[in-house]
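Remember, it's a predicted structure, so these values are computed and weren't measured experimentally.
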Amino acid sequence: MALSRPYACLHCPTACCWSDGHIKQHLQDTGHDFCADVKTGYVFCIECDDFVYDSVFHRLYKTTMIAEEEKATAFETSKRLREPYTPWEPNARERAALEGTVAAPCQGRRGLLNLGQTCFMNVILQSFIANPLLRNYYLSDKHNSRLCKLKDCTSCEMDKLLAEVYSENSAPYGPIDLLAKMWRISSELSGYAQQDAHEFFITALNHIHATSRGSTSLQCICIIHSTFAGLLQSDVKCERCGKVAEKTDPMLDISLELKGDTSGEQDLTLASCLRWYTHPEKLGPNEYSCEKCGKASHASKRLSIRKLPPVLSFQFKRFEHKSVDKSAARKIEAPVRFPSSLNMAPFTTLVMHKQELLKDNGTASASLIPDTALGPEALYDYDLFAVVCHEGQIDNGHYTCFARSHDEWYRYDDDKVTHTTLSACLNSQAYMCFYVKRHLDYKPWMTPSYMLIREQAAAKEKEREREKEAARMREVEDELLAAI
């Protein structure tokens with residue numbers, strides 16, 4: 001349930017909640033003019049009876065909050081505190097480019113037209129729009145569709161989509177070109193039949209990855225892998241000799257069975273599904289052969305998350321296929337409770353191995369954090385920003401989406417956008433949930449690797465241009481000598 005957000009009076013130490021007009025009543029009784037939302041810093045004026053925006057106060061609030069976070073955040077990679085935040089200040093070239101421009105009013109909330117049972121696509125696109133990392137990437141012109149020369153470029157369509165959503169036009173938008181491109185490059189998604197939203201999500205990620213800068217087969221730093229990519233670790237322990245075989249695999253999302261601590265479909269939560277996902281699984285002698293023993297043996301297999309991605313995507317397996325016959329498939333209607341904030345520490349490889357070590361030593365700890373070896377707890381905290389819901393049956397259902405925008409929640413039903421509450425979102429029948437890290441981890445006092453790679457690529461490009469120019473000049477000299 002969403003709690004009422006407190007507001008602080010800017011004239012005295014009083015704090016009241018917004019519900020039932022408590023803070024308004026205080027301002028009227030005392031003659032004070034302003035109060036502020038303690039979470040967002042939004043300022044309310046009682047004289048205007050509305051929220052007011054002041055750029056100086058907004059900048060002061062942001063820098064103060066970040067400065068306080070920096071004091072309390074230390075990183076394992078450095079004995080110093082977090083690297084101080086420096087706000088962006090335009091240089092001479094950027095100031096010249098900004099001269100004469102007019103700021104366009106936009107809200108980033110726009111319905112998407114249903115182009116013929118394309119609600120599965122619309123909800124995933126709305127989750128992309130609400131994703132702060134994808135949004136900032138395309139709105140900062142990291143991929144320019146006007147300059148791109150690739151054919152059937154999905155990343156270009158994402159650039160056009162974000163530009164349309166953040167334009168002055170608030171009428172519902174029809175992503176026709178994006179749908180047509182997906183049909184051409186993915187035959188399984190073509191046609192007007194209802195498709196699975198999760199299948200479209202994975203297909204879209206793969207095609208955006210393939211058409212983005214930084215896409216490589218070795219260590220990809222494209223926007224998709226920078227946003228969604230993590231690492232899963234599989235530990236298989238031989239029950240005969242105790243040897244543990246470790247294996248890591250890349251992941252873009254996590255698919256969870258609707259099974260909890262009681263192995264049933266009652267009282268399910270996201271945490272219970274994750275505990276089931278990371279619970280040890282028994283393997284028979286026909287399923288595992290130990291390298292150390294050299295023979296088949298009983299073993300236990302356990303999954304854990306070795307590397308957490310900036311954005312976590314969860315899919316609940318609501319569509320169950322017990323046989324090859326698709327008509328026998330059923331939808332699991334069991335409700336799953338999920339939180340607005342999530343701590344992923346208990347499901348990581350580091351914490352799980354630490355727990356096993358303490359258990360073997362006969363000691364137990366309710367909370368392993370703070371622990372310098374595990375890093376600050378803030379690096380495990382995630383906040384919910386989008387939820388994809390499926391309503392109806394497996395063969396005639398409909399997809400809708402809840403998404404967060406400026407700390408407010410909205411429900412997207414194709415072209416219809418309605419304001420809603422966090423409580424309504426948390427009570428919905430979720431099919432997919434998207435969480436973003438509250439604090440993005442990084443190595444302080446170091447230049448990010450993507451900047452170094454871009455600088456190296458720019459230097460190589462200049463070198464290639466010089467070599468082309470030198471070759472051209474040699475050809476001109478040879479032609480002159482031949483003419484003489």
Side-chain angles (χ1 to χ4, degrees), residues 75-77 202 225-239 241-263 268-284 287-288 290-292 297-317 336 338-339 341-361 363-383 432-441:
F75 290 85
E76 184 185 355
T77 55
I202 295 298
H225 283 84
S226 300
T227 302
F228 293 99
L231 284 177
L232 275 177
Q233 177 159 319
S234 170
D235 296 332
V236 181
K237 184 177 182 180
C238 176
E239 294 185 356
C241 65
K243 176 179 172 58
V244 178
E246 298 180 355
K247 180 184 178 183
T248 57
D249 292 297
M251 71 169 192
L252 291 177
D253 74 326
I254 299 176
S255 295
L256 300 172
E257 294 186 30
L258 293 185
K259 296 180 181 179
D261 301 323
T262 59
S263 302
L268 290 173
T269 65
L270 175 58
S272 67
C273 292
L274 281 168
R275 284 193 292 271
W276 179 268
Y277 183 77
T278 57
H279 187 74
E281 173 191 359
K282 294 293 183 180
L283 300 178
E287 298 178 90
Y288 179 69
C290 180
E291 294 180 358
K292 186 177 180 181
S297 63
H298 290 276
S300 62
K301 177 182 178 182
R302 187 171 192 176
L303 293 176
S304 60
I305 303 176
R306 179 163 189 136
K307 178 187 175 185
L308 287 166
V311 172
L312 268 172
S313 168
F314 297 107
Q315 178 220 9
F316 298 115
K317 295 182 178 179
V336 181
F338 52 95
S341 58
L342 178 68
N343 187 285
M344 288 296 294
F347 313 106
T348 59
T349 305
L350 274 175
V351 173
M352 292 173 72
H353 283 185
K354 191 85 172 181
Q355 287 175 333
E356 290 179 358
L357 184 63
L358 292 175
K359 185 178 179 181
D360 293 341
N361 294 335
T363 59
S365 176
S367 176
L368 295 176
I369 300 176
D371 187 324
T372 54
L374 303 177
E377 188 171 9
L379 297 186
Y380 299 93
D381 290 335
Y382 285 78
D383 291 317
M432 297 179 69
C433 294
F434 298 90
Y435 289 82
V436 63
K437 258 190 179 182
R438 190 173 300 167
H439 301 279
L440 298 179
D441 49 319

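- Using a 4.5 Å heavy-atom cutoff, the side chains of Phe314 and Val336 are not in contact.
- Counting non-hydrogen atoms of other residues, nucleotides and ligands closer than 6.0 Å to CZ of Arg302 gives a total above 12.
- Interatomic distance, CG of Leu274 versus CG of Leu312, reported as 8.5 Å (0.5 Å rounding).
- In this structure, Pro309 and Gly230 approach most closely via the heavy-atom pair CB-N, 4.1 Å.
- Residues Phe338 and Tyr435 have side chains in contact (heavy-atom distance under 4.5 Å, counting atoms from C-beta outward).
- With values rounded to the nearest 0.5 angstrom, Lys437 atom NZ is found 5.5 Å from Leu308 atom CG.
- Across every non-hydrogen atom of Cys433 and Phe316, the tightest pair is SG-CE1, 3.7 Å.
- Of all heavy-atom pairs spanning Met251 and Ile254, the tightest one is SD-CG1, 3.8 Å.
- Taking Asp383 as the reference, Arg438 meet the side chain to side chain donor-acceptor pair (under 3.5 Å) condition, with sequence neighbours excluded.
- Between Pro310 and Ser226, the shortest heavy-atom contact is CG-O, 3.2 Å.
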Stepwise side chain to side chain contact (heavy atoms under 4.5 Å, CB included) check, Lys307 with Thr248 | CA-CA 10 Å; Lys307 178 187 175 185; Thr248 57; over 6 Å; no
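- Counting heavy atoms from C-beta outward, Leu303 and Glu281 have side chains that stay 4.5 Å or more apart.
- Note that the NZ atom of Lys301 and the NZ atom of Lys247 stand 8.0 Å from one another [nearest 0.5 Å].
- For Phe228, the ring-ring contact (aromatic ring centres under 6.0 Å, His included) partners are Phe201, not counting sequence neighbours.
- A heavy-atom distance below 4.5 Å is found between the side chains of Leu232 and Ile305.
- The side-chain heavy atoms of His353 and Asp235, taken from C-beta on, include a pair separated by under 4.5 Å.
- For Ser255 against Gln315, the heavy-atom pair with the smallest separation is OG-OE1, 2.7 Å.
- In this structure, CG on Asp249 lies 11.5 Å from CZ on Arg306, to the nearest 0.5 angstrom.
- For Ser304, the side chain to side chain donor-acceptor pair (under 3.5 Å) criterion is met by Thr349, not counting sequence neighbours.
- Trp276 has its side chain out of reach of Leu268: every pair of non-hydrogen atoms, C-beta onward, lies at least 4.5 Å apart.
- With contacts defined as side-chain heavy-atom distances shorter than 4.5 Å, the pair Tyr382/Pro339 does not qualify.
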